[in-house]
Novice: 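Before I ask anything, here is the structure I am working with.
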There are 2 protein chains.
Amino acid sequence: MDVASVEGLEGLTIGRLAADLGISKSGLLGHFGTKEALQLATLERAAVIFDREVWRPAAAVGPGLPRLRAVCAAWISYLERGVFPGGCLFVSSTFEYDGRGGPVRVLLRRQFRAWQRRLSADVRLAAAEGDLPEDTDAGQLVFELLGVMMSLNHTIQLHGETAAATRAVRAVDRLLAGQLPVGAVPSGNPA
Amino acid sequence: MDVASVEGLEGLTIGRLAADLGISKSGLLGHFGTKEALQLATLERAAVIFDREVWRPAAAVGPGLPRLRAVCAAWISYLERGVFPGGCLFVSSTFEYDGRGGPVRVLLRRQFRAWQRRLSADVRLAAAEGDLPEDTDAGQLVFELLGVMMSLNHTIQLHGETAAATRAVRAVDRLLAGQLPVGAVPSGNPA
DNA sequence: AAGAATAGCGACCGATCGGTCGGACTCTAT
DNA sequence: ATAGAGTCCGACCGATCGGTCGCTATTCTT
């Protein structure tokens, strides 16, 4: 996962990975069979890490807006801390494979969809509870949240500006609170 | 550029490109010298295309907020029309090379910086003219605009949802108008 | 203790990678 | 007429790619 996040899923070559692990190529291939299977396994495992780093810290918080805030905070922290040295593996991978076919792209689609569904559910719940305007477009909000995280990932990885995390925090705060009726005070940390 | 936008700057192999062009490998390398020079030339040329597609259509509009709106509209259209078949070449390339060193990454950084400066200048102008709140953080706004475009690029390329362009339009409208004093009516197309 | 998986090895495969080299051809400036 | 620059070619280079094969050593099961 570390190699793939830096060099890309395609740059994760069998020979190099085997050398890094101190085993032979055939010894490595014996476990996965093909490179494609290795790539899929890498993504599956990365999903577990992502879940542990982003979802689980927020799972304890009550569903709806509070959990949404917690998830976004954990998400930003996950990017800020550089859990994967080359940035979020899913972000890297989606831009690497979005133009190709095959099982890797299919898996990426499923994973992104699942994540978006999770977020959408909390958005809808927050709207139903009155923490967000009741006409909130969940898809729209998730679309914009994802954009904030991609921009943050880009800023950290290309420009090395870890401090941009505060930008992401501000953007999230506005997205999750700015649609409240005017005069309402966001419950999160005000910018 | 077309090949690189789909396969990545690294997947733009000399042999394949030569075959696509109907010339020999050495004939192609005679023009560029090395693969890295070919990659740099690809990015330089893509910047010309991007400028033509996104900046020039808006250049005629007066500077400040109007031009900002025009640029964003052209930007969204550029992604929606699929000027590069694999999505924005700069978005693909930045996530491919952000974790590596070398001249390609350096060039990408320069190009992104230049683009952000251009946008920031219009944001500051808009703020000075009162079209945006005078305490507008230009860097913050550009950060969020970039995120919207990345999310749009992702949605179109991975999920094939060209209709997500309306999401981007809504997000941009809110970013460029939502910070106005309450009650003010955005001058753009209201959602 | 016998047998079956499992894990790992080194050697090897054809293909492709980026890149070099010497030569042939064309065009232009002198 | 000729020299030089530019363009392109086919042949070739070592390295690396993903992957296969036959073999051995270990471990687990019965």
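Everything numeric here is computed off the predicted structure, so don't read it as measured data. Just so it is clear: chains get the letters A, B, ... in the order the sequence lines come, proteins before strands, and each one is counted from 1.
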Novice: Whole-Å distance between D:dG18 C1' and A:Leu9 CG?
Specialist: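 Value for this atom pair: 16 Å.
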
Novice: Figure out the CD1/C1' separation between B:Ile23 and D:dG10, and round it to whole Å.
Specialist: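 One finds 14 Å between C1' of D:dG10 and CD1 of B:Ile23, rounded.
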
Novice: For A:His31 and C:dG8, what is the distance between atoms NE2 and C1' respectively, to the nearest whole Å?
Specialist: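 About 8 Å, once rounded to whole Å.
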
Novice: Applying the side-chain hydrogen bond (donor to acceptor under 3.5 Å, both in side chains) test to B:Tyr97, which of B:Arg109, B:Glu10, B:Arg105 qualifies?
Specialist: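 Only one option passes, and that is B:Glu10.
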
Novice: Taking NZ from A:Lys25 and P from D:dT16, how many angstroms apart are they, rounded to a whole number?
Specialist: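 A:Lys25 atom NZ is separated from D:dT16 atom P by 11 Å.
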
Novice: Would B:Glu7 and B:Arg16 count as a side chain to side chain contact (heavy atoms under 4.5 Å, CB included) here? Give the steps.
Specialist: CA-CA 11 Å; B:Glu7 311 280 346; B:Arg16 178 189 166 167; 3.4 Å; yes

Novice: Starting at the 5' end of DNA chain D, which residue's closest nucleotide do you reach first, A:Ser26 or A:Glu10?
Specialist: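 The answer here is A:Glu10.
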
Novice: With ring centroids as reference points, do B:Phe50 and B:Trp115 lie under 6.0 angstrom apart?
Specialist: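 Yes; B:Trp115 has its ring centre under 6.0 Å from that of B:Phe50.
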
Novice: Within the structure, does a side-chain N or O atom of A:Thr13 lie under 4.0 Å from either OP1 or OP2 of D:dC17?
Specialist: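 So the side chain of A:Thr13 is within the cut-off, an N or O lying under 4.0 Å from OP1 or OP2 of D:dC17.
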
Novice: Please report the distance, rounded to the nearest Å, between CD in A:Gln39 and C1' in D:dC17.
Specialist: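 Interatomic distance, CD of A:Gln39 to C1' of D:dC17: 13 Å.
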
Novice: Output the rounded distance in Å from CG (B:Leu28) to P (D:dG6).
Specialist: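 In whole Å, D:dG6 P lies 17 Å from B:Leu28 CG.
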
Novice: Distance check needed: D:dC17 P versus A:Glu36 CD, whole Å only.
Specialist: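 Going from A:Glu36 (CD) to D:dC17 (P), I get 18 Å.
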
Novice: Of the options D:dG10, C:dG8, D:dG18, whose atoms approach the side-chain atoms of A:Lys35 most closely?
Specialist: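 Selected nucleotide (nearest to the side chain): D:dG18.
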
Novice: Rounded to whole Å, please give me the gap between CD1 in B:Ile14 and C1' in D:dC9.
Specialist: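 Rounded to whole Å, this separation is 16 Å.
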
Novice: Within the 4.0 Å heavy-atom criterion, would you say B:Leu29 contacts the bases, only the backbone, or no part of the nucleic acid?
Specialist: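 Answer is base: heavy atoms of B:Leu29 come under 4.0 Å of a base.
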
Novice: Name the orientation class of the two ring planes belonging to B:Phe112 and A:His159 (parallel below 30°, tilted from 30 to 60°, perpendicular beyond 60°).
Specialist: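 Rings of B:Phe112 and A:His159: perpendicular, as their planes differ by over 60°.
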
